[in-house]
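Remarks on the structure that follows.
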Amino acid sequence: MKMLLLGTKKMFLQILWCFSLISLSSQTRSHYNFVVREARYTRLCSTKSILTVNGRFPGPAIKVYKGDTIYVNVHNRGKNNITIHWHGVKQPRNPWTDGPEYITQCPIQPGRSFRQKIVFSTEEGTLWWHAHSDWSRATVHGPIYIYPKKNSSGYPFPKPHYEVPIILGEWWKSDLNKVFTQFIKSGGAPNNSDAVTINGQPGDLYNCSKSGTFKLNVEHGKTYHLRIINAAMNLILFFSVSKHNLTLFAHDAMYTKELTTSYICIAPGQTMDVLLHANQNPNNKYYMAARAYSTGVGVPFDNSTTTAIIQYNNNNNNNENSTPSFPFLPSPNDTKSAFAFIRRIRGYPEENPFTCPLNIKTHILTTISVNTFPCPRGRSPSSCQAPNSTIFAASMNNISFVTPRTDILEAYYYHINGVYRKGFPSFPPYVFNFTGDYLPLELNIPKRGTKVKVLKYGSTVELVFQGTNLVAGIDHPMHIHGFSFHVIGYGFGNFNKSVDPKNYNLVDPPLQNTVIVPIKGWAAIRFRATNPGVWLMHCHLDRHLSWGMETVFIVKNGKASNETLPPPPPDMPPC
Ligand SMILES: *[C@@H]1O[C@H](CO)[C@@H](O)[C@H](O)[C@H]1NC(C)=O
Ligand SMILES: *[C@@H]1O[C@H](CO)[C@@H](O)[C@H](O)[C@H]1NC(C)=O
Ligand SMILES: *[C@@H]1O[C@H](CO)[C@@H](O)[C@H](O)[C@H]1NC(C)=O
Ligand SMILES: *[C@@H]1O[C@H](CO)[C@@H](O)[C@H](O)[C@H]1NC(C)=O
Ligand SMILES: *[C@@H]1O[C@H](CO)[C@@H](O)[C@H](O)[C@H]1NC(C)=O
Ligand SMILES: *[C@@H]1O[C@H](CO)[C@@H](O)[C@H](O)[C@H]1NC(C)=O
Ligand SMILES: *[C@@H]1O[C@H](CO)[C@@H](O)[C@H](O)[C@H]1NC(C)=O
Ligand SMILES: *[C@@H]1O[C@H](CO)[C@@H](O)[C@H](O)[C@H]1NC(C)=O
Ligand SMILES: *[C@@H]1O[C@H](CO)[C@@H](O)[C@H](O)[C@H]1NC(C)=O
Ligand SMILES: *[C@@H]1O[C@H](CO)[C@@H](O)[C@H](O)[C@H]1NC(C)=O
Ligand SMILES: *[C@@H]1O[C@H](CO)[C@@H](O)[C@H](O)[C@H]1NC(C)=O
Ligand SMILES: *[C@@H]1O[C@H](CO)[C@@H](O)[C@H](O)[C@H]1NC(C)=O
Ligand SMILES: [Cu+2]
């Protein structure tokens, strides 16, 4: 009897959860309370404590209208330092509450609070928030829904009937702090996750995961707006839905031309707004599924598959246990399929307020590399677990970024010396066959440093990310805070500045905040530096970020008062 009651209660909760997901109620708010605290969750046959916001995993949704300014009071009731970042929110003139630890703020220490202002401007669609300190973001993240401005004409297509977040993540059976500490101590690669998740659930291909599997009940003939977020730590993912096409209409909260596809490829940090038309046989069930896109030769990854189930209401199928049909997913090493999709994404200039700069004043070419350091004398071999007893590192233009202990934004604002240095190189310090198959081992070793790139207010910047094949070539999702950038080109091999720019797309490049740089290839982007402050740029694979694949832009003040950095809020967390 007790069992039965518990079972019923669980079902009831599940139904409630479903309803709260699909009610298209734009309940926007201007103030939120985020209490960061531990909570116990059971997944993959075991229970553990994870860090959450308000006890929820994934965390609560923030809902706003385009152009809103809101406040989130973040209270740290956990045991560790924490910061929260509003991913893809450009925060014009407001780097103070952007979030990356020791870049724009010192961490919020246990027992303390920080009231964060979030300034929305041109974003519309879906973004997300996540922790930006150590590896807490694995469980400390949630969606941001940005609706068209009140009284505006709304979406540039018929309004979808329902909206559903699809938050892709990774789950470790072990304690995340242990995984992270062990990873840093070992000098080697981190342990792979044990599962990929959809809305926090691994899905029924994993053991003990059937009851929690995310289910989406749809009504035949209706259109569903899926707000897809890749919140995974280390996995670019393919995602598809059996027998249903997806129509992409926004990427990183910027409209795109509508694109119909049978699968998407989405990197950590990226968001995609897609429409799903519930127009298939209602008597069948359908899996949605996601699995890694991972290309590094000999680089281990979690190759498991997460699933959720779509079932139609009012169907004539009485068999609760009928098996859903499985969708097509490209193989994890299928670069061709990944970029066939990615290259089809086109911007929608008519719906976006800013155009791609044509007259470029600042050219930057930066290599992005995985590296190794030799094992330091005196360090035990068990702490040099990268190949040939080395330590993994990563770099941009051969500088492996060292995160300071005072945040760069306050150091810049208060003229504190010795925290960072200027002069991040605009060109690789040494030119070699970046994508060559066999490279001299001595090139593997980078320099350590905290070098930033200073940009004049209003500079028009073209930035080419050049992937290298040092140690192990792999795709890198590069993310910039404080800006959306136009993605004007991709290519394989070494970027050639006399040939490749001829093929740039300057007509309808998509606007993004995270771009996938193809394995042994390059990606070119452009933006206008009209957001004064300190902005982090980094690989959104967390192991590469932890190894130093990042740098910082300092955008100087312009002349007008609306082009300068205002003073910090009074409650900046102290170091
Ligand atoms: C939106 O429209 C409503 C009714 O048409 C009006 O009362 C309201 O003031 C408008 N709001 C704005 C911000 O224009
Ligand atoms: C990581 O994986 C290794 C090898 O499987 C295992 O011995 C270790 O306990 C794992 N660490 C954590 C924190 O799970
Ligand atoms: C599920 O558990 C069984 C029995 O313990 C084991 O053989 C199998 O490998 C597990 N499957 C997964 C996906 O973990
Ligand atoms: C999906 O799109 C393809 C190409 O546009 C089309 O041929 C196919 O019929 C569509 N399938 C469904 C289920 O809508
Ligand atoms: C996943 O990786 C494991 C070991 O890394 C391998 O044994 C297994 O065959 C792979 N599974 C798939 C579906 O590729
Ligand atoms: C991708 O992996 C499959 C096996 O999983 C292999 O047969 C195929 O050759 C690989 N393709 C490439 C391009 O490496
Ligand atoms: C390890 O050393 C061997 C032999 O010198 C070399 O071929 C290999 O590339 C090295 N691996 C790394 C990651 O440095
Ligand atoms: C760079 O290396 C690649 C792969 O080995 C090779 O195909 C290419 O020709 C090399 N380029 C140059 C300029 O040597
Ligand atoms: C990076 O700098 C180190 C130290 O100066 C040097 O040994 C190494 O060859 C450089 N590597 C590249 C790829 O520039
Ligand atoms: C760029 O391409 C041109 C034309 O193919 C070639 O002549 C030139 O050597 C290439 N430059 C580099 C740096 O590879
Ligand atoms: C600042 O104000 C001027 C004059 O109103 C305007 O032209 C400019 O676009 C504004 N700049 C920003 C960044 O809002
Ligand atoms: C937490 O942050 C404070 C302030 O920056 C720092 O002194 C302390 O070392 C941090 N704690 C940990 C465990 O990193
Ligand atoms: Cu990377």
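In this chain, numbering begins with 1 at the start of the sequence shown. Remember, predicted model here, so these are calculated numbers, not experimental data. In each ligand, atom 1 is the first atom listed, and ligand 1 is the first ligand listed.
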Thr247 and Thr260: side-chain donor and acceptor closer than 3.5 Å? yes
protein heavy-atom neighbour closest to atom 8 (C) of ligand 7 works out as Asn388 ND2, 3.7 Å
Per-atom contacts of ligand 7 with Pro387, taking only distances under 4.0 Å to non-hydrogen atoms: 13 (C)
Could you tell me which atoms of ligand 9, counted from 1 in the order shown, lie closer than 4.0 angstrom to a heavy atom of Phe432? 13 (C)
Should Val196 and Asp302 count as side-chain neighbours, where that means a heavy-atom distance under 4.5 Å? yes
Ligand 9 to Tyr430 polar contact by distance, N or O atoms, under 3.5 Å: no
Please confirm whether His486 and Phe527 have ring centers closer than 6.0 angstrom. no
Minimum-distance protein heavy atom relative to atom 4 (C) of ligand 9: Lys447 CG, 3.8 Å
Under 6.0 Å from the six-membered ring centre of Tyr457 and within 45° of its axis: does the NZ or CZ of Arg528 meet both? no
Distance-only side-chain donor-acceptor flag, Tyr293 / Asp475, under 3.5 Å: yes
Return the residue, atom name and 0.1 Å-rounded distance of the protein heavy atom closest to atom 6 (C) of ligand 6. Asn333 ND2, 4.2 Å
Checking contacts here: is it the side chain or the backbone of Ile445 that comes within 4.0 Å of ligand 9, counting heavy atoms only? Could be both or neither. backbone
Return the closest protein heavy atom for atom 9 (O) of ligand 9 as residue, atom name and distance. Glu442 O, 3.6 Å
Determine whether any protein heavy atom is located less than 4.0 Å from atom 14 (O) of ligand 6. yes
Between Lys48 and Ser174, is a side chain to side chain contact (heavy atoms under 4.5 Å, CB included) present by the stated rule, with each step listed? CA-CA 8 Å; Lys48 66 165 184 169; Ser174 308; 5.9 Å; no
Please tell me if the side chains of Cys356 and Pro509 come closer than 4.5 Å, counting only heavy atoms from C-beta onward. yes
I need the single residue from His130, His132, His540 that forms a ring-ring contact (aromatic ring centres under 6.0 Å, His included) with His479. Which is it? His540
For atom 2 (O) of ligand 6, is the nearest protein heavy atom closer than 4.0 Å? yes
Among protein heavy atoms, which lies nearest atom 5 (O) of ligand 7, and at what distance? Leu441 CD1, 3.8 Å
Atoms of ligand 9 close to Leu443 [distance to a heavy atom under 4.0 angstrom, numbered from 1]: 9 (O), 11 (N), 13 (C)
Working to the nearest 0.5 angstrom, can you tell me the gap between Lys215 NZ and Gln201 CD? 9.0 Å
Sub-4.0 Å protein heavy atom next to atom 11 (N) of ligand 7: yes
